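Residue numbers begin at 1 in each chain, while the letters A, B, ... track the order of the sequences. The shown structure was predicted, so the numbers you read here are calculated from the model rather than taken from an experiment. Just so you know, these numbers use all the heavy atoms, side chains as well, and skip hydrogens, waters and symmetry mates.
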Amino acid sequence: MSESTVCQAGVEQDAMVQNPDPLVLAFCCNWCAYTAADLAGTSRLQYPPFVRIVRFMCTGMIHPNLIIDALTKGADGVIVCGCHPGDCHYIEGNVRMKSRAEAIELMLEDFGLEPERFRLEWVGASEGVKFAHVMRDMTRQIQDLPPSPYRTD
Amino acid sequence: MPVKVVEDWLNACSGCEISILNIGDPLLDLLPNLEFVHMTALVDHKFYGQLGEKPVTEMEIPEATVGIVSGGVRNEEQKHELEQIRKHVKVLIALGSCATYGGIPAHANMWKNDEVFEKINRHCSSTTPAPDQQDLNVPPWIPTCTAVDEVVNVDIRIPGCPPHPDWIVEALTAVLNGQTSWSLPERSVCDTCPVIREQKSGGGAVKRCFENLEFNPEEGLDKMRCINEQGVLCLGPVTLAGCAGKSGVPRCIQARTPCRGCFGPIRKGARPMVDMMGSLTSVGLDPKTVVDRRAIMNRYIGGHGFLTPLPARPAR
Ligand code: SF4
Ligand code: SF4
Ligand code: SF4
Ligand code: FES
């Protein structure tokens with residue numbers, strides 16, 4: 001299946017999903033994930049338009065508060081993408097993010113949110129295909145949930 | 001002309017009033033400038049006249065420049081009282097963490113009112129069942145246990161459980177000098193803590209506060225390792241500094257026990273639980289092992305929607 005058929009398949013089924021118009025934030029580190037997003041773009045790979053990318057220098061600087069804030073102010077889902085373990089430009093920022101992710105997963109419950117609303121993925125600089133795939137998958141996962149209880153629109 | 005003061009307690013334990021009395025010598029300098037026209041804890045002044053001759057709909061609160069209230073708001077009676085106080089004073093001071101954030105009683109916000117009432121007042125194994133919630137002699141509860149500023153406008157907040165006398169003096173002096181605002185500087189308990197920090201711990205599970213810390217009692221605090229880094233939960237990183245007054249070491253740390261967070265969040269809008277969980281992971285502790293994190297990390301701040309009954313997750 002070519003990239004565009006995959007995307008069209010997603011659109012055809014839209015009537016069946018719970019949240020056809022989700023707001024998904026992708027927090028990407030500058031050195032790997034954002035570069036991969038760039039590559040996905042220049043390679044004309046398609047992924048859903050519901051994803052908004054926010055660039056960070058490193059996932060190690062993404063404080064749990066930013067993620068909880070995004071989710072409790074109306075984002076339907078947050079995905080954090082960083083370098084593969086061992087590849088972090090700042091040595092171990094992604095290791096920190098990994099341990100914070102555990103804390104965030106626990107706290108989703110305290111804010112009455114489903115665990116599927118948050119995800120952490122490693123995407124290397126050359127993995128444009130993986131980036132597009134992960135974004136499609138995450139969007140699908142969020143579309144299958146009802147809109148966030150914190151959404152006001 | 002001394003400034004008239006109305007002081008009252010709502011959903012409070014009287015600790016905050018004790019803190020006023022604990023001001024000590026500086027109180028003697030302040031007193032000539034203050035005239036307490038109503039203070040339930042100390043002055044025999046009734047709301048409905050000394051013999052109850054006033055109509056019961058009209059609570060009699062004297063006019064005053066300054067109002068000081070301790071305790072949050074739990075029921076209609078306290079709400080009415082607070083609203084009356086607000087009407088009769090120019091500057092309202094919320095005294096203590098109950099008044100500022102809801103305090104310990106606001107833990108009840110983790111359950112629905114009915115659940116709390118049933119469990120505590122009706123079916124507690126160690127007490128006799130209390131009157132029915134519908135009983136006319138029991139003031140009805142308001143929907144949640146709130147901080148004072150969730151009901152009326154508050155000008156000055158003096159957090160702490162109890163607040164340190166130094167800050168009561170400072171805030172009152174500010175008001176006497178004509179100011180209508182005052183607040184503690186935004187610093188964390190850690191910022192004022194002298195222990196040794198290495199930004200890492202031995203890892204593993206987070207221990208509860210009952211576990212012994214390692215230290216040599218002969219040596220000062222500057223020779224003790226940070227409590228969090230010893231693996232015991234200490235809320236210092238997410239708690240406003242000031243419990244030791246204008247100088248000195250945070251009180252619990254002085255006693256070599258962890259900070260419980262009684263001064264509340266460092267700044268408005270902060271989420272101590274989220275920050276604290278982040279902070280535990282950054283010293284390498286396992287966040288899964290914190291027992292009862294929601295209650296423990298929101299111990300004094302259950303108002304303002306910080307503690308609510310958990311929304312049921314959609315079944316799938
Ligand atoms: S803040 Fe503490 S001392 Fe003051 S009323 Fe509340 S529980 Fe008592
Ligand atoms: S965590 Fe506790 S012991 Fe460590 S520096 Fe902060 S207040 Fe002091
Ligand atoms: S150390 Fe923490 S809990 Fe103890 S008195 Fe100070 S602020 Fe309150
Ligand atoms: S630079 Fe990519 S995760 Fe640190």
Among pairs that include at least one residue of residues 261-271 of chain B, which meet salt bridge (Lys or Arg N to Asp or Glu O under 4.0 Å), considering only residues two or more places apart or in two chains?
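Qualifying pairs, neighbours excluded: A/Asp69-B/Arg271, B/Glu186-B/Arg267.
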Sort A/Arg96 into side chain, backbone, both or neither according to what part of it lies under 4.5 angstrom from a heavy atom of chain B.
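Contact with chain B involves the side chain of A/Arg96 alone.
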State the CG-CD1 distance between B/Asp222 and B/Ile196, to the nearest 0.5 angstrom.
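Between B/Asp222 CG and B/Ile196 CD1, I get 7.0 Å after rounding to 0.5 Å.
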According to the interplanar angle, ranging from 0 to 90°, do the rings of B/Trp167 and B/Trp182 count as parallel (below 30°), tilted (30 to 60°) or perpendicular (above 60°)?
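Ring orientation, 0 to 90° scale: tilted.
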Assess, by modelled atom type and distance only, whether the side chains of A/Glu127 and A/His84 contain a donor and an acceptor separated by less than 3.5 Å.
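Present: a donor and an acceptor within the cut-off.
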Check ring pair (Phe, Tyr, Trp, His ring centres under 6.0 Å) between B/Phe306 and all other residues, then give those that pass, not counting sequence neighbours.
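So B/Phe306 forms no ring pair (Phe, Tyr, Trp, His ring centres under 6.0 Å) with any residue.
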Close approach to chain A in residues 277-292 of chain B, criterion heavy atom under 4.5 Å
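B/Met277, B/Gly278, B/Thr281, B/Ser282, B/Asp286, B/Pro287, B/Lys288 fall under the 4.5 Å cut-off.
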Sequence neighbours left out, what pairs pass side-chain hydrogen bond (donor to acceptor under 3.5 Å, both in side chains) with at least one residue falling in residues 53-62 of chain A?
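Every pair satisfying side-chain hydrogen bond (donor to acceptor under 3.5 Å, both in side chains) with a residue in residues 53-62 of chain A: A/Asn30-A/Arg55.
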